[in-house]
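Here the structure comes first, spelled out in structure tokens, and everything after it is commentary.
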Amino acid sequence: MKQFFTVLGGMGTLATESYVRILDARTPIHRDQDYLNYIVVNHATVPDRTTWILDHSQPDYNLDLIEDIKQQSLLKPAFFVLICNTAHYAFDKLQAATDIPILNMLQETVNAIKKIKPDAKKVGLLATRGTVTAGLYDRYITDAGYEEIKPTPEILDMTEDLIYHDIKESGHSDGAKYHELVRRMIEEEGADIVILGCTELSYAEEMNPETQYPVADSQSIIVDRSLEKGLALRQNK
């Protein structure tokens, strides 16, 4: 296969399926051959990212991802897409494992805020405890000139309940809970826009779109970037 890219997924599987559905739906097609060429690595047994970030004595997810990257690099994809915000904790280490570029979901998400909410000054973040505690989005948000609004302990607990209990454990999203999280970040915490900094939250957005408040959906944004680069591969063949 030529002119293809590799999706590093399985973190979790429902979020990876969401990425693929959205990518295919946004691809301009008139026949089967118009869809993009890509390989999906649904590595569902990759250890939990937050667990390792909070306790480095736990299984290191990076070892699995580096193995995936090295295996896939032998096939020579044009680029990689890493479908997990929290896994970007060791982004530099993952990128060092290959000469093939890995799209940086965090950077792309913050870059997109100017288009989604041009007048935004305060950017809220909803994400896993690992992403929030490690400050994965911090430098991207501040370097872009925004003030970051992090979730309160109560909002973070509620966010993790949605991510881990409703979606990862039960296999479904709670739309009311998702909308309440966004509402609190906007109305109570003063954010102008909210980053959905976990692909399970992106899954929640796909299932029950937020129409009242502006969100920067990390997975939706990386889909658009994947589509842009994937279509460019066809033009440059």
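- Hydrophobic clustering (side-chain heavy atoms under 4.5 Å, transitive across Ile, Leu, Val, Met, Phe, Trp, Tyr) groups Leu231 together with Val20.
- A distance of 7.5 Å separates OG of Ser18 from CG of Asp217, quoted to the nearest 0.5 Å.
- A salt bridge links Glu200 with Lys168: at least one charged nitrogen is closer than 4.0 Å to a carboxylate oxygen.
- Minimum interatomic distance between Cys84 and His88 (heavy atoms only, all atoms of both residues): O-ND1, 2.8 Å.
- Gln219 has its side chain out of reach of Tyr203: every pair of non-hydrogen atoms, C-beta onward, lies at least 4.5 Å apart.
- Closest non-hydrogen pair, Leu36 versus Tyr38, comes out as O-CD2, 3.5 Å.
- Take Asp224 and apply the salt bridge (Lys or Arg N to Asp or Glu O under 4.0 Å) test, not counting sequence neighbours, and it matches Arg26.
- Between atom CG of residue Asn208 and atom CG of residue Asp174 there is a gap of 8.0 Å, rounded to the nearest 0.5 Å.
- Rounding to the nearest 0.5 angstrom, the gap separating the CD1 atom in Ile100 from the CD atom in Gln95 is 9.5 Å.
- Minimum interatomic distance between Leu125 and Met185 (heavy atoms only, all atoms of both residues): N-CE, 3.6 Å.
- Under a 4.0 Å N-O distance rule, the pair Glu228/Arg225 qualifies as a salt bridge.
- Salt bridge status for Arg183 with Glu210: absent, with no side-chain N to carboxylate O gap under 4.0 Å.
- Heavy atoms only, all atoms of each residue included: Ala87 and Leu94 are closest at O-CD1, 3.8 Å.
- Salt bridge absent: Lys122 and Glu189 never bring a charged side-chain N and a carboxylate O closer than 4.0 Å.
- Contact annotation: the side chain of Leu106 never approaches that of Ser218 to less than 4.5 Å [non-hydrogen atoms, C-beta and beyond].
- With respect to Asp119 and Lys117, a salt bridge is recorded, a charged nitrogen being found less than 4.0 Å from a carboxylate O.
- Counting only heavy atoms from C-beta outward, the side chains of Phe5 and Lys229 never approach each other to under 4.5 Å.
- No side-chain heavy atom of Val132 sits less than 4.5 Å from a side-chain heavy atom of Thr128.
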Could you walk me through whether Ile141 and Ile195 pass the side-chain contact (heavy atoms from CB on, under 4.5 Å) check? CA-CA 10 Å; Ile141 292 173; Ile195 289 176; 4.0 Å; yes
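- A distance of 10.5 Å separates CZ in Arg49 from CG in Asn62, rounded to the nearest 0.5 Å.
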For side-chain contact (heavy atoms from CB on, under 4.5 Å), just list the numbers for Asp48 and Tyr61, CA-CA rounded to whole Å, side-chain angles, deciding distance to a tenth of an Å, and then say yes or no. CA-CA 7 Å; Asp48 186 73; Tyr61 72 90; over 6 Å; no
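- For the pair Leu63 and Glu67, the minimum side-chain heavy-atom distance is 4.5 Å or more.
- Side chains of Phe79 and Leu233 form a contact here, defined as non-hydrogen atoms less than 4.5 Å apart.
- Using a 30° and 60° split on the angle between ring planes, Tyr89 and Trp52 fall in the perpendicular class, above 60°.
- Counting all heavy atoms, side chain and backbone alike, Thr13 lies closest to Ala44 at OG1-CB, 3.9 Å.
- Applying the ring-ring contact (aromatic ring centres under 6.0 Å, His included) test to residues at least two apart or on different chains, none of the pairs has a partner in residues 118-172.
- The heavy-atom pair separating Cys198 from Ala127 by the smallest distance is CB-CA, 4.4 Å.
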